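Some notes on the structure that comes next.
Everything numeric here is computed off the predicted structure, so don't read it as measured data. Residue numbers start at 1 and run along the sequence shown. Atoms within a ligand are numbered from 1 in the order they appear, just like the ligands themselves.
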Amino acid sequence: MIRPILIVGTVAAALAAAGSVAAQTKWDMPTPYPDGNFHTQNVRWFADEVKKATNGGLEIVVHANASLVQHPQILRAVQTAQVPAGEILLSQFGNEDPFFEIDAIPFFATGYANARKLYKVQKSYVESRMLKRGIRVLYSVPWPGQAIYTKAPLNALADLKGVKFRTYNPSTSKLATLAGAVPTTVQVPEVPQAFATNIITAMITSAATGIDTKAWEYAKFYYDTKAFHPRNVVMVNEAAFQGLTEDQRTAVLKIAAQAEERGWAAAEERETSAVKTLGEKGMQVVQPSDAIMAEFRKLGSTMVDEWQVKAGADGKALVDAYRQ
Ligand code: PCA
């Protein structure tokens, strides 16, 4: 089985050495979310543009929906050069570094304007901390506002007591715990099944993920809390990046900057269209009452205080810069 592949490799190497084919780099890139998701569509656009700009010299092969590497392992896989590039939800790794999760602290930076402001002050911390791990951040794009999906009506925070609540990172688990719910980590592909079997009966996520998982088939209510905009990060192993030609590096960085802008716009567009679709499919889209929003915000401010303790002097500097 292995032999023919080796022969092909040898032939390719011989041809390359003879100068008959241009040097070609191929990167396998694991990403966590499904094909229909706007993050995945954007990273595929990025890969296509890079291929064009480098005349096929750099081909990035996107493996979506955690099909190549499980989401919790993608950061490590890029760090150890098991794969040259990858995409993650940054706050999935909030336990490894508090600066990876400030964008997922509920009710700290709500709405896109605030999310952008937070990104500006968070960016250099994330980039330098990733670089210490041998990782270069290429771009970062937010999710639509985080909303609460339930099977049963949610009129007050007390209605979440004891509810099995799907979470996807340490900060959403913390939020569930503070609300008296039972946090249960479930990756996106398993969400419909977990609802169907009552392993979970509520969750926090975006309208985009609600569409990806056909939320109307397992939940009744969508509470538009707009709690925060967690961000994905598209990244590359720094040594792999340095292995490119200078022209290729320039192209990658330029297209990454474009992908970032496209992605921010897509998040907003997706939020509007997805909320509409959820309603059309029969979900009740609810504006949460002022009273329950006040209860949620209180949990959020507890979490910001706790975050600042974890994040130390740099954390305080970030919060001060954001609030200025
Ligand atoms: N969707 C992802 C992360 C945030 C979001 O909106 C999820 O539910 O896992």
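For Tyr168, there are no ring-ring contact (aromatic ring centres under 6.0 Å, His included) partners at least two apart in sequence or on another chain. With sequence neighbours left out, Arg249 forms a salt bridge (Lys or Arg N to Asp or Glu O under 4.0 Å) with no residue at all.
Phe46 has its ring centre less than 6.0 Å from the ring centre of Tyr139. For Trp307 and Phe99, the distance between ring centers is under 6.0 angstrom.
Annotation: ring pair (Phe, Tyr, Trp, His ring centres under 6.0 Å) contacts involving residues 246-283, sequence neighbours excluded, comprise Tyr119-Trp264.
Under the 3.5 Å distance criterion, with hydrogens and angles disregarded, a donor-acceptor pair is assigned to the side chains of Tyr218 and Thr213.
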Are there any protein N or O atoms under 3.5 Å from the N or O atoms of ligand 1? List them with distances, or say none.
| residue | atom | partner | partner atom | Å |
| --- | --- | --- | --- | --- |
| ligand 1 | 1 (N) | Thr205 | OG1 | 3.1 |
| ligand 1 | 1 (N) | Thr209 | OG1 | 2.7 |
| ligand 1 | 6 (O) | Gln146 | NE2 | 3.0 |
| ligand 1 | 6 (O) | Thr205 | OG1 | 3.2 |
| ligand 1 | 6 (O) | Ser206 | N | 3.1 |
| ligand 1 | 6 (O) | Ser206 | OG | 2.7 |
| ligand 1 | 8 (O) | Arg166 | NH1 | 2.8 |
| ligand 1 | 8 (O) | Arg166 | NH2 | 3.4 |
| ligand 1 | 8 (O) | Thr205 | OG1 | 2.7 |
| ligand 1 | 9 (O) | Arg166 | NH2 | 2.9 |

